[in-house]
2 protein chains.
Amino acid sequence: MKLTGQRRTIAHVLSESDDHPDVEELYRRATAVDPRISIATVYRTVRLFEENGILRRRDFGGGRARYETTDHGDHFHLIDVDTGNVMEFDDEELKALLAGIGARMGYEIATTRLELYGRRLKKKDR
Amino acid sequence: MKLTGQRRTIAHVLSESDDHPDVEELYRRATAVDPRISIATVYRTVRLFEENGILRRRDFGGGRARYETTDHGDHFHLIDVDTGNVMEFDDEELKALLAGIGARMGYEIATTRLELYGRRLKKKDR
DNA sequence: CTAGATGCAAAGAGTTTGCACGAGT
DNA sequence: ACTCGTGCAAACTCTTTGCATCTAG
């Protein structure tokens with residue numbers, strides 16, 4: 001894997017991002033650092049990084065893929081339907097339950113896609 | 001909502017389908033019954049039905065939307081990664097756990113998207 | 001020096017839409 | 001009749017790709 005200027009820039013942008021940007025957003029952030037980057041390169045790089053396990057592709061609907069670095073492990077997402085804000089969570093009991101359900105159906109679970117879409121509870125309800 | 005021949009045909013095809021067809025597959029099945037249906041009409045009808053709560057749109061990846069009738073209630077999906085076969089399951093404990101996690105994070109869950117992607121266990125492992 | 005990366009624009013895939021014609025109530 | 005639906009093709013959005021050029025190792 002050749003370390004080009006573009007790849008370095010995109011990798012840097014990714015390491016600074018703790019949200020879940022789509023390609024266009026990555027392109028925006030990358031060209032802000034170095035304008036000599038094309039959107040095609042962002043697509044190609046993102047795919048390369050995904051193949052090398054550096055990035056994980058997520059699909060939260062809306063037709064565009066979004067990306068997150070793999071370096072903070074396995075987790076699920078809770079999306080605020082009003083703000084679009086994406087939060088992460090993890091739960092061992094949940095993981096165990098899912099694996100059990102899969103096994104009961106005769107399957108070994110390879111990937112789980114779990115997203116909760118919710119609305120913030122009012123203070124008085126919490 | 002005007003009951004046209006095309007809509008009647010598409011509705012009929014849907015009622016016969018217990019899988020999760022995409023638009024192209026619906027188009028194929030519908031034109032087999034009545035060839036005077038265009039793909040644009042299938043797209044429009046599917047959207048209409050979704051807005052009226054008759055259909056639910058699902059996205060199992062692969063870039064195309066897939067549809068299922070809403071008349072068999074709330075459930076989750078297990079997708080066989082080798083065959084692409086989609087199975088449905090339900091689990092009360094799981095639902096309760098998810099609601100609890102949401103509440104703990106200060107959210108009321110509106111929608112859940114949960115798909116397990118797995119590989120059939122070999123007989124000896126089951 | 002040379003394999004591989006980039007930019008650009010064109011091509012793809014899935015989906016939507018403008019417009020004139022056609023059909024349901 | 002009059003409104004709404006349909007077919008067709010063009011338009012749109014996101015993503016990929018062919019090709020000539022450039023660059024890292």
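To find a chain, count down the sequence lines: A is the first, B the second, and so on, and within it residues start at 1.
Side-chain to base pairing of B:Arg44 with D:dG7: one donor and one acceptor N or O lie within less than 3.5 Å of each other.
Within the structure, a side-chain polar atom (N or O) of B:Thr41 is placed less than 4.0 Å from OP1 or OP2 of D:dG7. Applying the 4.0 Å criterion to OP1 and OP2 of C:dT17, one finds that B:Arg47 has a side-chain N or O inside that range. Put simply, A:Tyr43 has no side-chain N or O that comes within less than 4.0 Å of OP1 or OP2 on D:dT16.
Each of B:Lys2 and B:Thr45 was matched to the nucleotide of DNA chain D holding its nearest heavy atom; the match closer to the 5' end belongs to B:Lys2. Heavy-atom distances to DNA chain C give each of B:Asp22 and B:Leu3 a nearest nucleotide, and the one nearer the 5′ end belongs to B:Asp22.
No donor-acceptor distance shorter than 3.5 angstrom exists from the side chain of B:Arg120 to the backbone of B:Asp80, with no hydrogens or angles considered. With B:Asn52 contributing its side chain and B:Ile54 its backbone, the two residues share no donor-acceptor pair below 3.5 Å.
For DNA chain D, the residues of residues 6-16 of chain B within the heavy-atom distance limit of 4.0 Å (strictly under) are B:Gln6, B:Arg7, sorted by number.
With a 6.0 Å radius and a threshold of 12 heavy atoms from other residues, nucleotides or ligands, B:Glu88 has its CD atom above the threshold. Counting non-hydrogen atoms of other residues, nucleotides and ligands closer than 6.0 Å to CZ of A:Arg28 gives a total above 12.
Within 4.0 Å (heavy atoms only), B:Ile37 reaches sugar-phosphate atoms of the nucleic acid but no base atom. Here A:Ile39 lies out of heavy-atom contact (under 4.0 Å) with every strand.
For B:Glu50, the side chain to side chain donor-acceptor pair (under 3.5 Å) partners two or more places apart in sequence, or in a different chain, are B:Arg57.
The separation between B:Arg64 atom CZ and C:dG12 atom C1' is 12 Å, rounded to whole Å.
Looking at A:His20 and A:Glu68, their side chains do bring a donor and an acceptor atom within 3.5 Å of each other.
When distances are taken from the side chain of A:Thr4 to each of C:dT6, D:dT15, C:dA3, the shortest belongs to C:dT6.
Over its full length, the helix from C:dC1-D:dG25 to C:dT25-D:dA1 turns its helical axis through 30°, comparing axes from the five pairs at each end and rounding to 10°.
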